[in-house]
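The structure appears below as structure tokens.
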Amino acid sequence: MGDLRSTRPITSPDIPVSAELMCRAIALALENVRCARGGPFAALVAKDGKVIAEGANSVTATNDPTAHAEIVAIRAACKALGNFQLTGCDLYTTCEPCPMCLGAIYWARPARVFYAGAAADAADAGFDDAFIYEELQRPPESRRIPMIQLMREESLAVFAAWKQQANKTKY
């Protein structure tokens with residue numbers, strides 16, 4: 001597996017990118033910094049070229065380590081759409097997503113993600129996620145935070161119940 005933090009842009013001449021939407025995301029991030037509400041990150045979700053949700057980093061303002069801009073925007077967009085997936089939506093974010101946000105993005109399944117800054121730019125500003133990527137490569141028992149499996153056999157009953165649920169919503 002190569003470096004997951006590639007700085008290769010996702011844009012190409014074949015993809016129409018709305019600079020206006022990215023400018024809006026960057027303006028939100030700048031406002032967030034100037035008003036001391038959180039980190040220098042913002043994101044928005046658009047559908048058919050129209051913004052349906054916005055979010056700015058509010059980790060320190062809310063004491064919520066998951067309140068990254070992409071997560072905030074995804075939550076708001078899913079609520080607005082009444083769906084846990086962002087089918088047909090685009091996510092604009094001011095920086096290449098961190099591992100947590102990347103996971104949320106894949107679960108939300110937007111059509112595309114546009115980002116401005118690279119992970120290296122965030123690292124240069126003090127937001128370095130390299131250690132998380134390194135931790136993901138380690139077996140659970142070798143990670144910095146001990147991860148100890150308990151009661152696996154008992155937990156399998158929950159998965160068995162899920163498999164037998166006739167009216168489950170698949171995702």
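The analysis underlying the following values was restricted to heavy atoms, covering all of them including side chains, and did not include hydrogens, waters or symmetry mates. Source: prediction; values computed, not measured.
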Partners meeting ring pair (Phe, Tyr, Trp, His ring centres under 6.0 Å) with Y106 (sequence neighbours left out):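 Here no residue qualifies.
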Test side chain to side chain contact (heavy atoms under 4.5 Å, CB included) applied to R109 and T87, step by step: CA-CA 6 Å; R109 295 177 175 90; T87 306; 5.5 Å; no
Is there a continuous path of hydrophobic side-chain contacts, each under 4.5 Å between heavy atoms, that joins [X] to [Y]?
X    : Y   : answer
L44  : M22 : yes
I105 : I52 : yes
F114 : I26 : yes

Test item: [X] and [Y] side chains (from C-beta on) under 4.5 Å apart, heavy atoms:
X    : Y    : value
Y171 : W107 : yes
Y92  : V45  : no
L21  : V51  : yes
Y115 : C95  : no
C89  : L81  : yes

Side chain to side chain contact (heavy atoms under 4.5 Å, CB included) involving P139 - partner list, sequence neighbours excluded: E141, S142
With L30, which residues qualify under side chain to side chain contact (heavy atoms under 4.5 Å, CB included), at least two apart? R34
How far apart are the closest heavy atoms of [X] and [Y], and which atoms are they?
X   : Y   : result
A67 : T62 : CB-OG1, 3.8 Å
A25 : A42 : O-CB, 3.3 Å
L28 : A43 : CD1-O, 4.4 Å
G49 : A46 : C-CB, 4.5 Å

So which pairs with a foot in residues 47-58 pass side chain to side chain donor-acceptor pair (under 3.5 Å), sequence neighbours left out? R24-E54
Please list all pairs meeting side chain to side chain donor-acceptor pair (under 3.5 Å) that have one or both residues in residues 149-168, counting only residues at least two apart or in different chains. Q165-N167
Apply side-chain hydrogen bond (donor to acceptor under 3.5 Å, both in side chains) to Q85 and list each qualifying residue two or more places apart in sequence or on a separate chain.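 So Q85 forms no side-chain hydrogen bond (donor to acceptor under 3.5 Å, both in side chains) with any residue.
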The criterion is side-chain hydrogen bond (donor to acceptor under 3.5 Å, both in side chains); which residues satisfy it with N32, sequence neighbours excluded?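 Here no residue qualifies.
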Please list all pairs meeting ring-ring contact (aromatic ring centres under 6.0 Å, His included) that have one or both residues in residues 35-64, counting only residues at least two apart or in different chains.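 The answer is F41-F127.
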ring-ring contact (aromatic ring centres under 6.0 Å, His included) pairs, two or more places apart, involving residues 139-160: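 For residues 139-160: none.
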So, using salt bridge (Lys or Arg N to Asp or Glu O under 4.0 Å) as the criterion, who are the partners of E31 when residues are at least two apart?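 Partners of E31 by the salt bridge (Lys or Arg N to Asp or Glu O under 4.0 Å) criterion, ordered by chain and then number, come out as R37.
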With sequence neighbours excluded, tell me which residues meet salt bridge (Lys or Arg N to Asp or Glu O under 4.0 Å) with R138. E135
Tell me if a side-chain donor or acceptor on T94 pairs with a main-chain N or O of A29 at a distance below 3.5 Å.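 Between the backbone of A29 and the side chain of T94 there is no qualifying donor-acceptor contact (under 3.5 Å).
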Donor-acceptor contact below 3.5 Å, side chain E96 vs main chain A119: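 Side chain of E96 to backbone of A119: a pair is present.
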Can you give each donor-acceptor pair under 3.5 Å made by side-chain atoms of residues 70-79, sequence neighbours left out, with the distance rounded to 0.1 Å?
from	atom 1	to	atom 2	distance (Å)
E70	OE2	T93	OG1	2.8
R75	NH2	T66	OG1	3.3

